[in-house]
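Structure, as structure tokens:
Throughout, numbering of the chain's residues begins at 1 and tracks the sequence. Counting starts at 1 for both ligands and their atoms, in listed order.
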Amino acid sequence: MTDFKTGILISFEGIEGCGKSTQIVLLAERLRDAGKEVVVSREPGATPLGAKLRKLLLDPAYSPDALTELLLYLADRREHRRLVITPALQRGALVLVDRYVDSTWVYQGFARDEVESSLIEKLNRLVAGDNWPELTFVLDCPAQVGLARALERNRETGAEGVADRFEQRHLDFHEQVRQGFLVLAKAARERFRVIDAGQEIEMIHDQIWREFSLKYAIS
Ligand code: TMP
């Protein structure tokens, strides 16, 4: 396998229930088996401050306006970058992150349609700086399929009937989120890979591995 001299940041994006977390675990296992240092992280909530912000952000008791919501996600990101992402990349690790800059552009921008996309882009660049993802997998599936999976997951984890503030949103919102990721992917084909998340887990993993191997010239 290629010997990575510098770290690599890879993000996974998609609607709720699209299977990002499962795929991150599978890719991380495969890379670790190949002897790489892999850091798995997520947004929001990867740091002590972030965990508190996550609780607030997902609590159905609050309905912040789009700008407040945006600023809270960016605060979480800044802390995540400082404490987790930058140090890991500097060590030469592969960082796999479950949601990152594109979720903000899509959820707070494209889907809510209340804050200018250009402002989100500017703030995202300010907060993430040169810790920008090199490769982004969008796990794509219809909103109905993703939400059904997310609710099933809540049942399995004992959170039956407890949808978070985002899961409670209308199906149209989630379909809009899905479209937002596809718009981004179309605009930056060199960074994005759209994967059909309706396939079997192993097939999705194989496709992700193929794309990863192609990009980093791994045989
Ligand atoms: P999760 O369910 O994938 O852990 O994500 C938590 C929620 O946060 C999810 O509904 C998407 C939302 N989110 C945003 O709205 N903007 C962001 O920038 C991020 C990172 C997540």
Side-chain angles (χ1 to χ4, degrees), residues 9-25 40-47 49-81 83-85 95-117 119-128 131-133 136-141 143 145-157 159 162-181 184 197:
L9 177 58
I10 298 177
S11 57
F12 286 71
E13 301 280 5
I15 61 165
E16 331 287 316
C18 66
K20 291 178 275 94
S21 329
T22 307
Q23 291 303 325
I24 289 175
V25 168
V40 169
S41 197
R42 69 161 179 181
E43 287 194 0
T47 63
L49 175 61
K52 298 211 162 178
L53 289 172
R54 181 182 174 92
K55 260 202 157 142
L56 294 173
L57 278 161
L58 301 188
D59 190 336
Y62 307 113
S63 328
D65 71 11
L67 187 56
T68 303
E69 193 176 273
L70 168 68
L71 295 171
L72 289 170
Y73 276 109
L74 292 171
D76 170 72
R77 177 155 311 131
R78 186 73 185 175
E79 188 75 345
H80 185 204
R81 177 189 172 194
L83 294 179
V84 179
I85 297 179
V95 181
L96 308 183
V97 62
D98 188 337
R99 296 197 184 283
Y100 197 50
V101 288
D102 304 304
S103 273
T104 312
W105 191 88
V106 168
Y107 280 84
Q108 280 65 56
F110 190 85
R112 277 197 76 154
D113 199 20
E114 292 165 53
V115 184
E116 285 279 324
S117 292
L119 174 63
I120 297 180
E121 174 70 15
K122 226 182 260 173
L123 290 171
N124 249 341
R125 292 276 171 189
L126 176 74
V127 168
N131 290 165
W132 204 254
T136 298
F137 291 104
V138 171
L139 298 189
D140 179 60
C141 70
V145 173
L147 279 183
R149 278 197 209 148
L151 291 175
E152 180 64 25
R153 183 186 55 207
N154 288 356
R155 249 194 299 280
E156 283 168 5
T157 57
V162 188
D164 71 32
R165 197 163 62 78
F166 283 82
E167 287 165 356
Q168 282 180 356
R169 290 204 176 144
H170 203 267
L171 198 60
D172 291 351
F173 176 82
H174 295 283
E175 200 49 54
Q176 188 67 2
V177 167
R178 178 192 190 193
Q179 294 309 320
F181 285 122
L184 279 180

Sub-4.0 Å atoms of ligand 1 with respect to non-hydrogen atoms of Glu16: 2 (O), 9 (C), 10 (O)

Considering only NZ, NE, NH1 and NH2 on the basic side and carboxylate oxygens on the acidic side, decide whether Arg149 and Glu16 come within less than 4.0 Å. no

Are Arg77 and Glu43 within salt-bridge range, i.e. N to O under 4.0 Å? yes

Give yes if a backbone or side-chain nitrogen or oxygen of Gln108 is under 3.5 Å from a nitrogen or oxygen of ligand 1, and no if not. yes

Look at the aromatic rings of Trp105 and Phe110 and report parallel, tilted or perpendicular, splitting at 30° and 60°. parallel

Below 3.5 angstrom, do we get any N/O pair linking Thr104 and ligand 1? yes

Proximal atoms of ligand 1 relative to Lys20 (non-hydrogen, under 4.0 Å): 3 (O)

Can you list the atoms of ligand 1 that are under 4.0 Å from a heavy atom of Arg54? 4 (O)

Ligand 1 and Tyr73, any nitrogen or oxygen pair closer than 3.5 angstrom? yes

Are the side chain of Arg78 and the backbone N or O of Val127 linked by a donor-acceptor pair below 3.5 Å? yes

With a cut-off of 4.0 Å, which atoms of ligand 1 are near a heavy atom of Arg77? 18 (O), 20 (C)

Near Leu58, which atoms of ligand 1 are under 4.0 Å from a heavy atom of that residue? 6 (C), 7 (C)

Which bit of Arg42 gets closer than 4.0 Å to ligand 1, counting heavy atoms only: side chain, backbone, both or neither? neither

Parallel, tilted or perpendicular: which describes the rings of Tyr107 and Phe173, with under 30° parallel and over 60° perpendicular? tilted

Would you mind checking if Arg178 and Asp140 are paired as a salt bridge, meaning a charged N to carboxylate O distance below 4.0 Å? yes

Are the side chain of Asp76 and the backbone of Gly45 linked by a donor-acceptor contact shorter than 3.5 Å? yes

Within-cut-off N or O pair, Arg99 and ligand 1, under 3.5 Å: yes

